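Single-structure report; data block below.
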Amino acid sequence: MAVTEWDGTTFEAHRPLLFSIAYRMLGSASEAEDVVQDAWLRARQDEHTDVRSVRAYLTTIVTRLCIDHLRSAERTRMEYPGPWLPEPLAEPNQESAELAGSLTTAFLVLMEQLAPTERAVFLLREVFELEFDEIATSIGKSEVNTRQILKRARGRLRESRPRFTVSRRESEEVVQRFRHACITGDVEELMGVLHADATLVADGGGKAASATRPVLGADRVARFVLGYAGKLHWSESDLQLVTVNGAPGLLLRHPIAGPGTYSFDIADGRIRAIYVVRNPDKLRGFLRGVGA
């Protein structure tokens, strides 16, 4: 059918998938929403296109828009003040259980290791399980080149990808132990929940106080977290258990320090990485999502 024969209902049926792709590509809910809307406008303007598969056609538009966006934003991210982290997501957009593992902050941080086209191929194949011919069309490459790009992307991520999945119950227990240690100032409890090589990465965007470089090692992470918590006198009401990117996390709502999200990479009952987002620009959507 021609694009002009589409109606809003047809597009809306594909919106969750398109948003899921764009968010994983860009690490930003607000930018993903803009890309999806732009995709709809572009599709509507392309009056002479004969579309055999609406899903494939829209996926192609969104993928190419995301690749272009990432390339144009490369310099901006290089000049970003301090570490850059994905914008936290409060409510997954009709995500299936199978997609949950690719929504976590840890996974999105992992995607930052890949070039834009590599990221697109990896996500479309490994996460969304599209066929190679469809992926090749989306990125404007041959199937042979697409397979080579996927092999290269897998190689880059081989040592970094998690080898197992932690249950939500286990994750929530670990997060609760972390929360309790922070509130009570219990060093031993906090050390007991941190992996020896734990890291903390904070994104303040130059607009909120945060660590300007990653904090490495359990000892340093514990001192940093407890020092910050003690200085601000964190209480039970300041640190709320929430869902961040589909996994148990924490929302800091402090009257002086302001808001921040804490998400975690957990393995073997211990925290391997803590991702803290304090940049207010990245928290607006999340705060709306949790009704804060």
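Keep in mind that this is a model prediction, so the values were computed, not measured. Each residue takes its place number in the sequence, starting with 1.
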Could you pull out the closest heavy-atom pair between [X] and [Y], with the gap in Å?
X	Y	result
Val121	Thr146	CG1-O, 3.7 Å
Met191	Ala222	SD-CB, 3.7 Å
Leu226	Ala181	CD2-O, 3.6 Å
Val127	Ser102	CG1-OG, 3.3 Å
Gly249	Phe264	CA-CE1, 4.1 Å
Leu70	Pro116	CB-CG, 3.8 Å

Sorted by chain and number, sequence neighbours left out, side-chain contact (heavy atoms from CB on, under 4.5 Å) with Glu143 holds for Phe132, Asp133, Ala136, Arg147

Whether [X] side chain and [Y] backbone form a donor-acceptor pair below 3.5 Å:
X	Y	value
Arg270	Val174	no
Asp68	Leu65	no
Asn245	Pro88	no
Arg168	Gly246	yes
Glu134	Glu131	no
Arg15	Val36	no
Arg278	Pro259	yes
Arg24	Ser20	yes

Query raised in the report: If you measure only the distance, is there a donor-acceptor pair under 3.5 Å linking the side chains of Ser30 and Glu87?
Result: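 Note: Ser30 and Glu87 side chains meet the donor-acceptor criterion.
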
Scan side-chain atoms only and decide if Arg152 and Thr117 contain a donor-acceptor pair under the 3.5 Å cut-off. no

Which distance, rounded to the nearest 0.5 Å, do you find between the [atom1] of [X] and the [atom2] of [Y]?
X	Y	atom1	atom2	value
Phe122	Ile135	CZ	CD1	11.5 Å
Leu26	Leu108	CG	CG	10.5 Å
Thr105	Leu85	OG1	CG	7.5 Å
Arg154	Leu114	CZ	CG	12.0 Å
Asn279	Arg284	CG	CZ	8.5 Å

Same apolar cluster (I L V M F W Y, side chains within < 4.5 Å links), [X]/[Y]:
X	Y	result
Leu232	Val221	yes
Ile274	Leu241	yes
Val187	Ile271	yes
Trp84	Val109	no

message: Does anything in residues 202-217 form a side-chain hydrogen bond (donor to acceptor under 3.5 Å, both in side chains)? List the pairs, not counting sequence neighbours.
response: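 side-chain hydrogen bond (donor to acceptor under 3.5 Å, both in side chains) check on residues 202-217 returns Tyr80-Asp203, Asp203-Lys282, Lys207-Asp281.
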
Contacts satisfying side-chain hydrogen bond (donor to acceptor under 3.5 Å, both in side chains) that involve residues 181-202 (not counting sequence neighbours) are His180-Glu189

- Item | Plane angle bin for Tyr228 and Trp234 - parallel if under 30°, tilted between 30 and 60°, otherwise perpendicular | perpendicular

For the CZ atom on Arg220, are there more than 12 heavy atoms of other groups (residues, nucleotides or ligands in this structure) within a distance under 6.0 Å?
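No, not enclosed.
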
Side chain to side chain, [X] and [Y], heavy atoms closer than 4.5 Å:
X	Y	answer
Ile139	Ile149	yes
Tyr23	Val35	no
Leu157	Met111	yes
Asp238	His233	no
Trp40	Leu18	no
Ile21	Leu123	no
Arg55	Leu130	yes
Thr104	Ser263	no

(Q) The test is salt bridge (charged side-chain N to carboxylate O under 4.0 Å, His left out); show your working for Arg169 and Glu172 and say whether it passes. (A) CA-CA 5 Å; Arg169 179 179 178 181; Glu172 191 166 311; over 6 Å; no

Taking the basic N atoms (NZ, or NE/NH1/NH2) and the acidic carboxylate oxygens, is any pair closer than 4.0 Å for Arg71 and Glu74?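 Not counted as a salt bridge, because no side-chain N and carboxylate O are separated by less than 4.0 Å.
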
